[in-house]
> 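First, the structure itself, so that you have it in front of you.
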Amino acid sequence: MSLCLCGEILPFTQLQTELDARKAQGLLRSRRTLTTPQSPHIVVDGQPYLAFCSNDYLGLANHPQLIAALQQGVQQWGVGAGAAHLVSGHFSAHHQLEQQLAAFVGKPAALLFSTGYMANLGVVQALVGKGDTVFADKLNHASLNDAMLLSRAETKRYRHGDMEQLAHLLGQTKIGRKLIITDAVFSMDGDIAPLRELLALCEQHDAWLYVDDAHGFGVLGEQGRGALAHFGIMSQRIIYMATLSKAAGVSGAFVAAEQVVINTLVNHAHSYVYTTATPPALSVALSQSLQLIAQGDGLRMHLQRLIAQLRKGLSDLPWQLMVSGTAIQPLLIGENRQALQLSEGLRARGIWVAAIRPPTVPQGTARLRITLSAAHSAQDVDQLIGALHELAC
Ligand SMILES: *Cc1c(COP(=O)(O)O)cnc(C)c1O
């Protein structure tokens, strides 16, 4: 048995000092372990909780029909894909799902990725490079920020939702390809990007629009078709991405666009080419999930009612809910330690809501990120409202 004398090895001491500094600022992160499936009612480290922090917006992550579909998929396809898509890992289960997804969001073609994070890295890196420019909302998801850096394109970040500043930046850029990238629903704020205005700017400046609809797909628009359906917009200039790990309840992501874009990704997106395909059984489960999403108007209506109930119930607190009509309902607290204290106060009352702190959100805007799911009941939401009022006293 070897003993790690971490204290005596300089690089380890440095790491520990950095972690200690984080802790002193109320920024140290750690994990808690669930021992039950994802749902509003979970057991964490042996304690039962009512949880408001998953992205399982339709309550599909543990749905009996998806469990059955995955089991059937494993029976048919086994467990692993065994190779990358371009070698021998592209199965008809993947292929069918891609066609279903493209049709569902109204695009000619779609491509599956292993995760949303990898889709973002791959798309931006494949479509732009040195000499090109990426324009990005300052509150975009971390994976989009990483994608810009990886692409080596010039990056210009505009203030959240500021179309005037974006127009100005676009006007300054005379050479190279232009790609605007944005979250459709901002993951830590819950507000929706002005996609119509963004598309108009793209047309004016001959740019592409890359829309990351991680939190809109399955939730927004007719039949849950996502943010583009929500606004009723369609354009060849839009490259659409959604994760299959949030409302869809499984894992993975897809990009939907013109065929020439998809062909480019197949050839140039490193996070597509140099990785093993997802297990084909997941695609079987996802085809079933897509059906549940399309038939899920009842779930989405229930979710909307819960959102309205929460906003009404929390309107008289000393802290304000941010402006959001989506399932992401952040309660703005401000100071890191107070956000943590509130999160701990809820936990003591058997309720789990994550405190989100910098660098995930800007300094001074620590918040409780409350997320609602169609799997919550009105009583669940009342319990949260009651607990927050107790903590406000
Ligand atoms: C969650 C998320 C991702 C990453 O998706 P994964 O499938 O979890 O890797 C990308 N973009 C946004 C806006 C997200 O919220």
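Atom set for the values below is all heavy atoms of this structure, side chains included, hydrogens, waters and symmetry mates excluded. First listed ligand is number 1; within each ligand, the first listed atom is number 1. Positions are given from 1 along the sequence.
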> Do the side chains of Asp137 and Arg159 get close enough for a salt bridge, i.e. N-O under 4.0 angstrom?
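Salt bridge between Asp137 and Arg159, a charged N being under 4.0 Å from a carboxylate O: no.
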
> Of the protein's non-hydrogen atoms, which lies at the shortest distance from atom 8 (O) of ligand 1, and what is that distance?
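Ranking protein heavy atoms by distance from atom 8 (O) of ligand 1, first comes Ser245 OG, 3.7 Å.
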
> Would you say Leu101 and Leu60 are hydrophobically clustered, going by side-chain heavy atoms of ILVMFWY under 4.5 Å?
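Yes, same cluster.
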
> Identify the closest protein heavy atom to atom 5 (O) of ligand 1: which residue and atom is it, and at what distance?
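Checked against all protein heavy atoms, atom 5 (O) of ligand 1 sits closest to Thr243 CG2, 3.1 Å.
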
> Decide whether Thr360 and Arg29 meet the rule of one side-chain donor and one side-chain acceptor closer than 3.5 Å.
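Yes, side-chain donor-acceptor contact under 3.5 Å.
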
> Do Trp352 and Phe52 have their ring centres less than 6.0 Å from each other?
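No - the distance between ring centres of Trp352 and Phe52 does not fall below the 6.0 Å cut-off.
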
> May I ask you to list the atoms of ligand 1 that are less than 4.0 angstrom from any heavy atom of Gly116?
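Those qualifying, in numeric order: 4 (C), 5 (O), 6 (P), 7 (O), 9 (O).
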
> Assess Ala253 for proximity to ligand 1: is some non-hydrogen atom of it under 4.0 Å away?
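Heavy atoms of Ala253 never come under 4.0 Å of ligand 1.
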
> Do other residues, nucleotides or ligands put more than 12 heavy atoms under 6.0 Å from the CD atom of Glu164?
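No, the 6.0 Å shell around CD holds no more than 12 heavy atoms from other groups.
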
> Within the 4.0 Å heavy-atom shell around Ala214, which atoms of ligand 1 are there?
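This gives 2 (C), 11 (N), 12 (C), 13 (C), 14 (C), 15 (O) as the contact atoms.
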
> Is the closest basic N to carboxylate O distance between Lys138 and Asp162 below 4.0 Å?
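Answer for the salt bridge query: no.
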
> Is the ring centre of Tyr210 less than 6.0 Å from the ring centre of Tyr240?
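Tyr210 vs Tyr240: aromatic centres not under 6.0 Å.
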
> Closer than 4.0 Å to some heavy atom of Tyr117 - which atoms of ligand 1 meet that?
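Close to Tyr117: 4 (C), 5 (O), 6 (P), 9 (O).
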
> Establish, yes or no, whether a centroid distance under 6.0 Å links the rings of Phe186 and His160.
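Ring-ring flag for Phe186/His160: true, centres closer than 6.0 Å.
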
> Within the 4.0 Å heavy-atom shell around Asn120, which atoms of ligand 1 are there?
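Within the 4.0 Å cut-off of Asn120, ligand 1 contributes 10 (C), 11 (N).
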
> Using heavy-atom distances only, which candidate in Asp212, Thr182, Asp183 approaches atom 11 (N) of ligand 1 most closely?
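Of the listed residues, Asp212 has the closest heavy atom.
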
> Using a strict 4.0 Å cut-off to heavy atoms of Ser143, name the atoms of ligand 1 that fall inside it.
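The atoms of ligand 1 under 4.0 Å from a heavy atom of Ser143 are 10 (C), 11 (N).
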
> Show which atoms of ligand 1 fall inside a sub-4.0 Å distance from at least one heavy-atom site of Lys246.
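Within the 4.0 Å cut-off of Lys246, ligand 1 contributes 1 (C), 2 (C), 3 (C), 14 (C), 15 (O).
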
> For ligand 1, is any non-hydrogen atom under 4.0 Å from Asn140's backbone (N, CA, C, O), its side chain (CB onward), both, or neither?
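For Asn140, there is no contact with ligand 1 at all, from either part.
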
> List ligand 1 atoms under 4.0 Å from His215, heavy atoms only on the residue side.
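In order of numbering, the contacting atoms are 14 (C), 15 (O).
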
> Determine whether the aromatic ring centres of residues His85 and Tyr272 are separated by less than 6.0 angstrom.
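Yes: the rings meet the under 6.0 Å criterion.
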
> Would you mind running through ligand 1 and noting each atom that sits below 4.0 Å from a heavy atom of Ser187?
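Listed by number with element, the hits are 15 (O).
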
